[in-house]
Amino acid sequence: MIRFALEKDLKAIVSIYNEAVSLGYATADTEPVSVESRQEWFLEHNHEKYPIFVWEEGGEILGWCSISPYRRGRNALRFTAEISYYVKKNVRRKGIASTMIRYAVSQCERLKIKTLFAIVLECNPISCTLLEKFGFVCWWFLPGVADFSGREYGHFYYGYRLPWATQS
């Protein structure tokens with residue numbers, strides 16, 4: 001059910017992301033994005049270091065999870081990455097996000113990622129709870145940094161230090 005994303009999956013990835021945009025609390029984007037605008041982002045990911053995984057069932061993409069570089073080009077940060085995950089609206093709360101996060105975390109040693117973090121809007125407590133289930137801890141909070149037409153929300157930075165990275 002989980003596999004590496006292919007370029008042909010980008011339309012479904014964007015569609016799922018745009019569902020999250022329409023919720024108004026799952027991402028800081030306030031307008032839908034286009035497939036064209038996400039092309040470069042997609043191409044910056046690769047199976048060897050920064051993969052995008054998709055959950056496919058019956059030929060349909062139901063969710064995706066990406067591991068993205070943190071401050072690309074800054075060599076001291078090469079072992080740190082951001083995790084993002086989105087699930088199609090009609091199949092949320094069925095364990096897809098949990099399974100994708102678990103899978104992505106299991107790939108981190110192979111990817112040589114020691115630290116993962118996720119950025120979550122404070123108005124998205126479901127995502128906070130999900131991350132905490134996997135051992136992510138709130139490392140930082142930036143109050144009022146996201147403005148949705150006058151409604152301000154903060155950003156939580158959740159972090160997770162991979163167990164393989166702490167072994168001597």
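Computed over heavy atoms, backbone and side chain alike; hydrogens, waters and symmetry mates excluded.
S127 and Y85 are linked by a side-chain donor-acceptor pair at a separation below 3.5 angstrom, with hydrogens and angles left out of the test. In summary, the side chains of K114 and T80 do not present any donor paired with an acceptor at a separation below 3.5 Å, with no hydrogens or angles considered. Side chains of Y86 and E19: no donor on one and acceptor on the other come within 3.5 Å. Under the 3.5 Å distance criterion, with hydrogens and angles disregarded, no donor-acceptor pair is assigned to the side chains of Q39 and W41. Residues D147 and Y153 have side chains that never bring a donor and an acceptor to within less than 3.5 angstrom of each other.
Taking the side chain to side chain contact (heavy atoms under 4.5 Å, CB included) definition, one finds that N18 meets it with V14, V21, P32, V33, sequence neighbours left out. Residues satisfying the side chain to side chain contact (heavy atoms under 4.5 Å, CB included) criterion with R71, sequence neighbours excluded, are R74, L77.
One hydrophobic cluster, built from ILVMFWY side chains closer than 4.5 Å, cannot hold both I119 and L131; they sit in different ones. The cluster map of Ile, Leu, Val, Met, Phe, Trp and Tyr, joined by side-chain heavy atoms under 4.5 Å apart, puts F141 and L130 in the same cluster. Linking ILVMFWY residues whenever their side-chain heavy atoms come closer than 4.5 Å, directly or via other members, leaves L62 and I13 in distinct clusters.
Proximity of the aromatic rings of F117 and Y158 is defined here by a centroid distance below 6.0 angstrom, and this criterion is not met. For W139 and Y157, the gap between ring centers reaches or exceeds 6.0 Å. In this structure, H45 has its ring center no closer than 6.0 Å to that of Y50.
In this structure, the side chains of F134 and Y160 stay at 4.5 Å or more apart for every pair of heavy atoms. Inter-residue side-chain proximity for L116 and L162 is flagged as met; some heavy-atom pair is nearer than 4.5 Å. Using a 4.5 Å heavy-atom threshold, the side chains of M100 and F53 count as separate. Between I126 and R93, the closest side-chain pair of non-hydrogen atoms falls below 4.5 Å. Using a 4.5 Å heavy-atom threshold, the side chains of I113 and K49 count as touching. At least one side-chain heavy atom of Y103 sits less than 4.5 Å from a side-chain heavy atom of I2. The closest side-chain heavy-atom distance from Y70 to R78 is not below 4.5 Å. Side-chain contact between R3 and E56 is present, with heavy atoms from C-beta onward closer than 4.5 Å.
A donor-acceptor pair under 3.5 Å links the side-chain atoms of D9 to the main chain of L6, judged by distance alone. Remark: side-chain polar atoms of R72 are not paired, donor with acceptor, to backbone N or O of P69 under 3.5 angstrom.
One finds the CG atom of N46 at 9.0 Å from the CG atom of L111 (value rounded to the nearest 0.5 Å).
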(request) Begin from the C-alpha positions of C65 and I52 and carry the test side chain to side chain contact (heavy atoms under 4.5 Å, CB included) through to its verdict. (result) CA-CA 6 Å; C65 177; I52 300 171; over 6 Å; no

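Considering all non-hydrogen atoms of both residues, I16 and G63 come closest at CD1-N, 3.8 Å.
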